[in-house]
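Residue numbers count from 1 along this sequence.
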Amino acid sequence: MPITSAQKAAIEEIIDILVSTTPARGKRQLSAMFMDLVDRADWPEYYEVIPEPRCINGVRASVEKNRYKDPINAYTDLSLVFWNALFYNEPGSQIASDAETLKSVLETEWQKRPVLPAPRHSPPPSSPQKVHGTLPTAPPQSDPSKFTHLIAKPRSAAEAAAPASGSTTANTHPPQKLAPRRGTPPARPSLPEMMDVDVQAMSPEPDSQVDTTASAGAGEDRDGDSEAIIRQLEKSLPRWEGFGDLGWMSEVTQERRLEIVLAIKSHKDIVGNRLAVALEAVPEEPTSPLLSHQSPLSLKLIEGRVRSTSYASSKIFDVDMARLFEKGRRWYDPSTESYGRVLVLQRLYQALTSPSPPAGPPYTSPTHFASIRAGPGTARPMHATADADGVPGITTFRVSTKDRTFVDEVHYKGWTIRMADWLHLSNPDDPSRPIVGHVFKCWISDEAAKKGQPGISICWYYRPEQTFHPAHAQFMDKEVFKTSLFADHPVEDVLEKIAVQFTARHIRGRPRSPFWYPGWPLYVCHSRYNERERVFVKIKNWASCIPEEVRKKDEFMPIYGFERMVYPAKVPSPFVSATGVVKGPGGIGEPLEKAEGEKNEGGGTGRKRARRNQGTGTEAGSSTALTKMAMTALQMPMQTPGPAHAQVPKAYAAPAAGGSGSGDTKDRSMLTAAGTLTVAPIVDKLSPETTVYFDRSPETNEVLWFAAPPLHVARAPVVKHSLKYLTYLAGKRKESEGDGDGDGETKQVNGRDGKEDEGENKRVGVAPTVSEMMQTAMDGVRW
């Protein structure tokens with residue numbers, strides 16, 4: 001997409017800073033030698049060594065004329081100005097020192113502007129360092145803070161060119177300024193080596209669809225270089241500034257604050273374990289630089305402040321409690337027991353500070369204080385059948401519009417929740433695995449009992465342990481799956497903001513603020529999960545997974561790009577993991593398929609099963625759904641439907657009545673032959689109007705498929721006579737052989753003559769074949 005006006009203004013501002021940068025002691029403009037290109041007539045060898053010469057004025061003109069389609073391309077050209085100078089000039093020379101300084105200023109100023117993508121710190125693929133395969137020793141980097149940035153308001157092209165041209169006249173005759181490198185540049189490497197260097201450093205193409213199951217880096221553990229790339233990028237990203245000013249608890253008395261703290265401190269689960277032990281084990285000192293606060297904080301410290309009436313308002317107390325739970329969430333690993341206890345205490349606290357607090361103490365809840373009765377994997381839709389497993393009446397297949405007023409955003413505990421945000425919500429089944437949800441609507445309730453209370457409509461995303469999948473399945477680390485299930489949650493269910501990236505962008509970078517900040521939980525999504533049939537389908541159109549209102553915007557959830565694509569590590573099924581088997585609502589299982597006419601949970605009927613051939617003697621039914629999915633992904637040579645008595649190939653002849661057939665029960669589907677797949681392939685079922693043109697197995701009535709295109713081989717001739725006629729011919733042949741004169745010649749019936757011997761057929765001799773003639777000739781020449 002073209003550069004936006006905000007990005008263009010930011011780039012022009014950076015160029016002005018580069019042009020006006022001067023040393024701390026002096027007024028010399030460091031950019032004077034880099035404003036225009038070197039004179040080709042005076043320095044022809046420069047253009048032989050430098051693959052892509054660049055200058056500041058050229059980049060500025062390209063920005064003003066909107067020639068760049070991506071801001072990172074403008075950054076690449078600006079950095080090439082200084083990478084070229086560092087390669088061509090001697091280390092330690094004045095021009096190399098100025099180039100190193102301006103390159104540092106460029107990187108620093110670029111990172112300060114969140115509207116621009118994250119810059120790369122290594123040489124671009126087209127730089128002489130990459131092309132010639134040489135990375136010269138750079139001089140010591142100068143501290144950009146020692147130089148004065150004379151930032152002026154943006155100037156027009158004519159105003160900017162006037163002082164620049166006057167200050168760079170010496171650049172057209174650079175013998176006195178440039179200090180060429182000693183010796184000749186190194187020879188170019190062979191083509192394969194050069195291609196390897198370019199590919200490793202090449203920036204990924206934006207917005208392209210990538211299938212990680214077929215990529216080169218997929219299926220392997222993430223290497224150290226990839227981890228370093230991620231850490232380097234996240235280290236340069238802006239930090240979260242903390243909670244906002246809206247959505248905090250209403251003012252309560254000092255006694256009520258103390259009651260809330262004591263309720264959190266003394267709460268026990270059904271077994272009798274005191275959950276606050278998990279909070280008390282968190283150190284009082286700051287535990288991570290990514291926290292929104294860096295001051296000492298603990299449950300004991302908050303209790304002391306409440307008892308000493310140190311809190312001037314309930315809002316300040318509420319903010320400290322929110323920071324304490326944030327600290328606990330970051331201290332423990334997700335999905336652990338201690339992590340789940342922190343989330344239960346947070347949900348209890350949010351229930352106690354809500355307009356309708358639970359009765360107590362003691363405070364008990366079968367759903368761990370969550371507002372819904374069941375979570376992912378256990379909850380069932382509103383219109384689920386009575387015999388369906390799980391808890392019905394929890395989810396829907398569309399966003400409800402009844403008794404509510406939709407709004408753009410809602411506020412709760414310092415969070416501003418808008419459409420298309422991703423959240424962690426309280427899970428009533430397993431608190432240590434909060435629900436991963438995508439906000440599709442924000443609303444204010446119009447119901448009489450909940451008048452004025454805010455809420456959100458959430459699309460649930462499932463974790464691997466909440467799905468049914470084969471034992472050999474592998475998943476990306478922190479992978480989740482989009483579902484078609486929606487649920488209404490009050491804001492009290494919200495635990496924190498998170499982010500979910502689709503695979504195509506997750507391997508290319510990290511989300512920009514305010515969609516995500518370092519330290520927030522981050523997931524990756526590659527497929528949809530159909531809970532009714534237990535199948536995974538790769539997402540083709542990512543835009544279909546976000547709310548329609550957000551879909552119309554120019555770009556949703558932009559990223560800070562990596563230097564190269566980084567693939568997430570692969571992990572086995574949580575039910576067969578060597579680190580410990582996970583208990584979940586999901587399990588090991590194969591895809592399901594509804595019988596014809598059988599109702600689904602969301603209404604409608606199941607897919608129709610293919611009927612078996614009635615002449616085979618087998619019962620009607622279908623093979624496994626996995627084999628059916630494999631059949632449909634193939635393109636077969638189209639054939640014209642033949643008559644009902646068409647011959648069946650011998651290899652697929654029907655078994656005898658009452659027999660068991662070939663007895664081969666091995667799964668020969670295309671999916672099995674492909675091996676272990678991270679996600680299920682795209683499955684499109686063939687319509688009955690199409691399948692009639694394909695060969696079918698007489699045993700299973702499934703469409704036959706082959707592992708390779710048809711070969712140009714001779715086919716067996718088609719039988720032209722009926723079995724009755726062939727029997728008649730065989731009888732006549734036998735009769736003629738019995739009445740012959742023994743000369744070895746074969747007699748044949750010339751039927752329907754009726755002229756000799758009153759109806760007897762006329763006997764005629766048959767000419768010998770070529771083989772017989774050759775055999776006779778050979779017999780005649782033998783000794």
Between the side chains of Asp318 and Tyr349, is a donor N or O closer than 3.5 angstrom to an acceptor N or O?
yes
Could you go step by step and tell me if Trp443 and Phe440 meet the ring-ring contact (aromatic ring centres under 6.0 Å, His included) rule?
CA-CA 10 Å; Trp443 42 267; Phe440 267 64; over 10 Å; no
Report the distance from atom CD1 of Ile588 to atom OG1 of Thr467, rounding to the nearest 0.5 Å.
8.5 Å
Quick one: do Arg418 and Glu549 make a salt bridge, cutoff under 4.0 Å?
no
Distance check, rounded to the nearest 0.5 Å: Tyr462 atom OH versus Phe468 atom CZ?
10.5 Å
Please report the interatomic distance CZ(Arg257) to CD1(Ile302), rounded to the nearest 0.5 Å.
12.5 Å
Salt-bridge present (Glu326, Arg323; N to O < 4.0 Å)
no
Heavy atoms of other groups near Gln294 CD, more than 12 under 6.0 Å
yes
Where Pro296 and Glu285 come nearest, the two heavy atoms and their spacing
CG-OE1, 3.9 Å
Determine whether Ser513 and Tyr560 satisfy the following criterion, side-chain contact (heavy atoms from CB on, under 4.5 Å), listing intermediate values before the conclusion.
CA-CA 9 Å; Ser513 58; Tyr560 295 99; 4.1 Å; yes
Show the numbers, then the answer: is there a side-chain contact (heavy atoms from CB on, under 4.5 Å) between Lys315 and Met249?
CA-CA 6 Å; Lys315 176 184 176 181; Met249 63 181 296; over 6 Å; no
Side chains of Arg433 and Gln466, donor plus acceptor under 3.5 Å:
no
Nearest heavy-atom neighbours spanning Ala276 and Leu299:
CB-CD2, 4.2 Å
Would His469 and Phe575 satisfy ring-ring contact (aromatic ring centres under 6.0 Å, His included), going step by step from the backbone distance to the final call?
CA-CA 10 Å; His469 50 266; Phe575 303 115; 5.5 Å; yes
Thr108 OG1 to Lys112 NZ distance, which is reported to the nearest 0.5 Å
6.5 Å
Under a 4.5 Å cut-off applied to non-hydrogen side-chain atoms, are Cys545 and Arg528 in contact?
yes
Rounded to the nearest 0.5 Å, what separation is found between the CH2 atom of Trp240 and the CZ atom of Phe243?
4.0 Å
Are a donor atom and an acceptor atom from the side chains of Arg373 and Thr367 found within less than 3.5 Å of each other?
no
Is atom CD of Glu241 surrounded by more than 12 heavy atoms (other residues, nucleotides or ligands) closer than 6.0 Å?
no
Rounded distance (nearest 0.5 Å) linking atom OG of Ser354 with atom CD of Glu492:
5.0 Å
Are Arg380 and Glu531 close enough for a salt bridge, meaning some N to O gap below 4.0 Å?
yes
Could you walk me through whether Ser314 and Arg256 pass the side-chain contact (heavy atoms from CB on, under 4.5 Å) check?
CA-CA 10 Å; Ser314 298; Arg256 178 56 181 169; over 6 Å; no
Do other residues, nucleotides or ligands put more than 12 heavy atoms under 6.0 Å from the NZ atom of Lys497?
yes
Tell me if the aromatic rings of Phe475 and Phe481 count as close, with their centers under 6.0 Å from one another.
yes
Please assess Lys300 against Glu303 for the test salt bridge (Lys or Arg N to Asp or Glu O under 4.0 Å), listing each intermediate value before the final yes or no.
CA-CA 5 Å; Lys300 182 179 180 180; Glu303 181 183 358; over 6 Å; no
Is there side-chain contact between Leu290 and Tyr517, with at least one heavy-atom pair below 4.5 Å?
no
With no hydrogens and no angle check, just 3.5 Å: does a side-chain donor-acceptor pair link Ser310 and Ser308?
yes
Within-4.5 Å side-chain heavy-atom neighbours: Tyr311 and Asp320:
yes
Under 4.5 Å between any side-chain heavy atoms of Leu352 and Tyr363, yes or no?
yes
Do NZ/NE/NH1/NH2 and the carboxylate oxygens of Lys327 and Glu284 come within less than 4.0 Å?
no
Side chains of Arg347 and Gln350: is there a donor and an acceptor less than 3.5 Å apart?
no
Between Phe536 and His526 (judged by ring centroids, cut-off 6.0 Å), do the two rings come close enough to count as a pair?
no
